[in-house]
J.: 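Please see the structure below; I have some questions.
Each ligand, and each atom within it, is numbered from 1 in the order the structure gives. Heavy-atom basis, side chains included; hydrogens, waters and symmetry copies ignored.
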Amino acid sequence: MGSITLGRRSHQTGRILTAALVTLLTGVCLVGLWATYALRQAYEQEAEGRAQAEACLAARRLVASIGSATDITTLSLSPPLLPPNFSVAVALYDRSGRRTATAYDGPAAQTLPLPERLVLEPGRDDAEQATRLSGGEWLAVVPVHAATNTPVGMLGVVVRHRTFRLSAMVIRLAYELPFWLAVAAAAFWLVRYATAPSRTLTGTADGRAPTPTASVEAVMAGYQAVIDRLQSAGRELERLRSAAETRVVEQAQFSDRLVASIPDALIVTAADGTVVLANLAAQQLFGRSSGSDYRTFFAEAPELAAMVANSLADGSVRRKAELEVVLAGHRRTLDVSVSPIPGAASVLCLAANITELAALRATMQAKETLTSVGELAAGIAHEFKNSLATIDGYARLLAQDAAPSPAATALRAEVRRLTQVVTDFLTFARPKRIIFAPVNLAETASEVAATLEDIVVQRGITLDIARDLPTVPGDAALLRQVLENLLRNAIEAIPDDAPIKRVVLRAETGPTETTLLVEDSGSGLPPEVIQNLFVPFFTTKQQGHGLGLAIVRKIVVGHNGRIAASNLPQGGAQFRVVLPLRVFATT
Ligand code: ADP
């Protein structure tokens with residue numbers, strides 16, 4: 001707005017000028033004071049003297065008017081004794097000093113202080129006495145003599161100069177008022193100077209002293225700028241407060257969502273034992289919500305309650321990898337940890353439900369045990385197979401003799417059967433690495449059919465193999481074993497007197513996998529057989545060893561496939577082998 005701030009020099013100049021002005025004024029006042037004081041003194045002296053003289057004069061006149069009379073009990077003030085600006089009160093006193101007569105003249109003369117009694121001072125019986133009563137008031141006492149010149153009483157005259165007080169007041173005002181005005185002005189200036197909020201003055205751009213309007217505008221502008229800055233700071237503070245509030249709310253919501261989304265049970269117990277937080281997983285697992293005592297919350301898991309109690313008592317961390325509990329009638333395995341929350345006087349309990357994991361772990365351990373037992377058995381079977389080969393050699397030598405022994409023939413047959421059992425067992429027990437290559441199932445099935453041709457013809461069975469069997473990735477020898485075992489079982493399941501003797505091998509091929517179907521017109525699968533079909537060494541046959549289907553399932557699973565069996569509506573059994581058309585894993 002085109003204003004400048006005057007420097008320290010301008011400010012000092014103003015102060016010097018003001019001080020000089022105050023000094024000048026004070027000097028003028030002091031001179032005036034002295035002059036009027038002198039004037040007053042002169043006036044008062046003159047007025048006092050006049051009052052005294054008038055009082056004495058009036059007293060003498062009265063005494064003269066009394067003359068030599070002996071009766072002095074009456075007084076008359078006519079004609080007037082004194083000039084108009086005097087009031088007078090007169091009293092006669094007898095020789096004993098008692099007042100015997102009074103007379104007044106002039107305004108407010110009744111108020112003049114006439115003494116009740118008068119006593120002449122000894123030795124001054126013949127002289128008048130004048131006494132000043134107050135400013136402008138005088139008492140004159142004159143003895144009254146008889147004709148014999150004997151004093152018979154006294155005359156007291158009190159005179160008041162009527163304008164004396166008013167004049168004295170006017171004069172006092174005249175010389176004191178300017179003085180007090182100057183003192184008040186100086187005091188006002190000092191107070192204002194001392195309490196001024198800022199020592200800087202504003203001036204116009206051209207350096208001239210600021211006018212009152214310019215100063216007010218400058219002050220107003222300054223205040224407005226301060227108010228604007230305060231308002232701006234207030235708005236910024238409000239924005240920051242709002243942002244902080246939003247951040248706190250968002251963080252609280254995020255924490256709530258985080259806690260709620262944790263799949264493990266999370267429980268926070270305060271120092272007084274109250275469960276202050278239990279997420280959804282905890283509520284579902286323990287069937288309770290927060291707000292209750294931890295002993296109530298963990299009523300079905302007393303060991304966990306004890307861990308919380310201990311942690312609350314000594315601030316220690318407690319862990320149990322597999323805690324067995326029964327919650328709502330279900331056996332559960334929990335992985336729990338209880339730890340104090342630093343600075344919060346409460347403990348955090350985390351409980352993961354690892355029931356399935358624990359079961360899986362147990363299964364794996366059992367499998368490992370079985371595997372090691374199986375490997376042991378496989379080792380023994382291998383040795384057993386070597387011995388069987390030796391026995392078979394000796395039996396063959398016996399059979400080659402001139403007179404063939406039926407016992408030797410039977411021995412050889414039994415050795416062959418045992419050898420087959422051991423071979424099958426070794427196939428089942430010893431893991432064989434599958435080398436994937438395209439396997440034309442149609443060709444494989446033809447080879448199997450050729451192998452089974454004798455038994456098929458012998459049993460009078462029709463073996464119907466579809467021509468559209470697909471090519472799948474796999475191990476040709478193992479897949480051949482799958483088809484042979486399934487087709488041989490199907491052929492063996494058909495009784496000799498069955499009305500229809502038929503075995504079918506066909507495929508239902510989809511985009512990603514093919515299902516091989518082996519169907520027969522046999523007696524079907526009783527429920528107890530279906531349950532144990534793939535269990536090693538389960539057999540219902542007199543000469544069977546129960547490893548065929550176990551080997552089939554192992555090979556199929558090794559090819560990332562699956563196998564199932566069921567009965568056909570028209571009778572007979574159906575085995576379904578599902579094989580993927582693409583390799584997605586190797587074993
Ligand atoms: P094994 O042939 O030596 O008995 P497998 O594991 O091949 O051993 O077969 C187990 C049992 O499954 C057989 O004993 C038989 O009772 C039953 N089984 C297998 N295939 C069929 C089928 N197609 N029809 C009826 N039962 C079958």
J.: More than 12 foreign heavy atoms under 6.0 Å from CD of Glu356: is that the case here?
T.: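 Result for CD/Glu356: open.
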
J.: Any idea which atoms of ligand 1 are less than 4.0 Å away from a heavy-atom of Gly544?
T.: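 By the 4.0 Å cutoff, the relevant atoms are 3 (O).
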
J.: Nearest protein heavy atom to atom 2 (O) of ligand 1, by residue and atom, and its distance?
T.: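 Answer, as residue, atom name and distance: Lys541 NZ, 2.8 Å.
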
J.: Contact between Gly546 and ligand 1, counting heavy atoms under 4.0 Å?
T.: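 Judged by the 4.0 Å heavy-atom criterion, Gly546 does count as contacting ligand 1.
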
J.: Compare Thr539, Asn489, Ile530 and give the one whose heavy atom is closest to atom 9 (O) of ligand 1.
T.: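 Looking at heavy atoms only, Asn489 sits closest to atom 9 (O) of ligand 1.
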
J.: Can you name the atoms of ligand 1, numbered from 1 with element, that are less than 4.0 Å from a heavy atom of Gly524?
T.: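 So the answer, numbered in order with elements, is 25 (C).
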
J.: Below the 3.5 angstrom mark, is there an N/O of Glu492, backbone or side chain, next to an N/O of ligand 1?
T.: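 N/O-N/O distance below 3.5 Å does not exist for this pair.
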
J.: Using the six-membered ring wherever Trp is involved, compare the ring planes of Phe286 and Phe297 and label them parallel, tilted or perpendicular (cut-offs 30° and 60°).
T.: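 Rings of Phe286 and Phe297: tilted, as their planes differ by 30° to 60°.
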
J.: For Pro495 and Lys501, which heavy atoms make the closest approach, and how far apart are they?
T.: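 That would be O-CE, 3.6 Å.
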
J.: Check whether any side-chain heavy atom of Leu479 sits under 4.5 Å from a side-chain heavy atom of Leu579, and report yes or no.
T.: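 Leu479 vs Leu579: side chains touch.
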
J.: Please state which option from Thr540, Asn532, Asn567 has its nearest heavy atom closest to atom 14 (O) of ligand 1.
T.: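 Answer by nearest heavy atom: Thr540.
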
J.: At less than 4.0 angstrom from any non-hydrogen atom of Ala493, what atoms of ligand 1 do you find?
T.: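 Heavy-atom distances to Ala493 below 4.0 Å select 22 (C), 23 (N), 24 (N), 25 (C).
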
J.: Which atoms form the tightest heavy-atom contact between Ser261 and Leu258, and what is the distance?
T.: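 Looks like OG-O, 2.9 Å.
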
J.: Which atoms from ligand 1 have a heavy atom of Ala490 less than 4.0 Å away?
T.: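 With Ala490 as reference, the close atoms of ligand 1 come out as 23 (N).
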
J.: Pick one: which of Val347, Leu348, Thr269 meets side chain to side chain contact (heavy atoms under 4.5 Å, CB included) with Ser311?
T.: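 With Ser311 as partner, side chain to side chain contact (heavy atoms under 4.5 Å, CB included) holds for just one option, Val347.
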
J.: Just to be sure I read this right, does ligand 1 sit under 4.0 Å from the backbone of Asn485, its side chain, both, or neither, counting only heavy atoms?
T.: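 For Asn485, there is no contact with ligand 1 at all, from either part.
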
J.: Between OG of Ser446 and CZ of Arg480, what distance do you get to the nearest 0.5 Å?
T.: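 Output value for this atom pair is 11.5 Å.
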
J.: Measure the distance from atom 11 (C) of ligand 1 to every protein heavy atom, then report the residue, atom name and distance (to 0.1 Å) of the closest one.
T.: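 The closest heavy atom on the protein side is Phe538 O, 4.1 Å.
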
J.: Atom 6 (O) of ligand 1: which of Val421, Val552, Leu549 has the nearest heavy atom?
T.: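 Answer by nearest heavy atom: Leu549.
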
J.: Heavy-atom distance to atom 27 (C) of ligand 1: which of Val535, Val503, Leu525 wins?
T.: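 When every heavy atom of Val535, Val503, Leu525 is considered, Leu525 comes closest to atom 27 (C) of ligand 1.
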
J.: Any idea which of Leu533, Ile551, Ile494 brings a heavy atom closest to atom 18 (N) of ligand 1?
T.: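 Considering heavy atoms of Leu533, Ile551, Ile494, the nearest to atom 18 (N) of ligand 1 sits in Leu533.
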
J.: Are there more than 12 heavy atoms of other residues, nucleotides or ligands under 6.0 Å from atom CG of Leu568?
T.: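 Yes.
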
J.: What pair of heavy atoms forms the shortest contact from Val518 to Ala490, and how long is it?
T.: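 Val518 and Ala490 have their closest heavy atoms at CG1-CB, 4.2 Å.
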
J.: Does Phe575 have a heavy atom less than 4.0 Å from any atom of ligand 1?
T.: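 For ligand 1, residue contact (heavy atoms, under 4.0 Å) with Phe575 is present.
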
J.: Find all atoms of ligand 1 within a distance of less than 4.0 Å from any non-hydrogen atom belonging to Asp520, and give their numbers and elements.
T.: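 Selected atoms, number and element: 22 (C), 23 (N).
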
J.: Which heavy atom of Asp335 sits nearest a heavy atom of Lys320, and at what distance?
T.: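 Closest approach of Asp335 to Lys320: OD1-O, 3.4 Å.
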
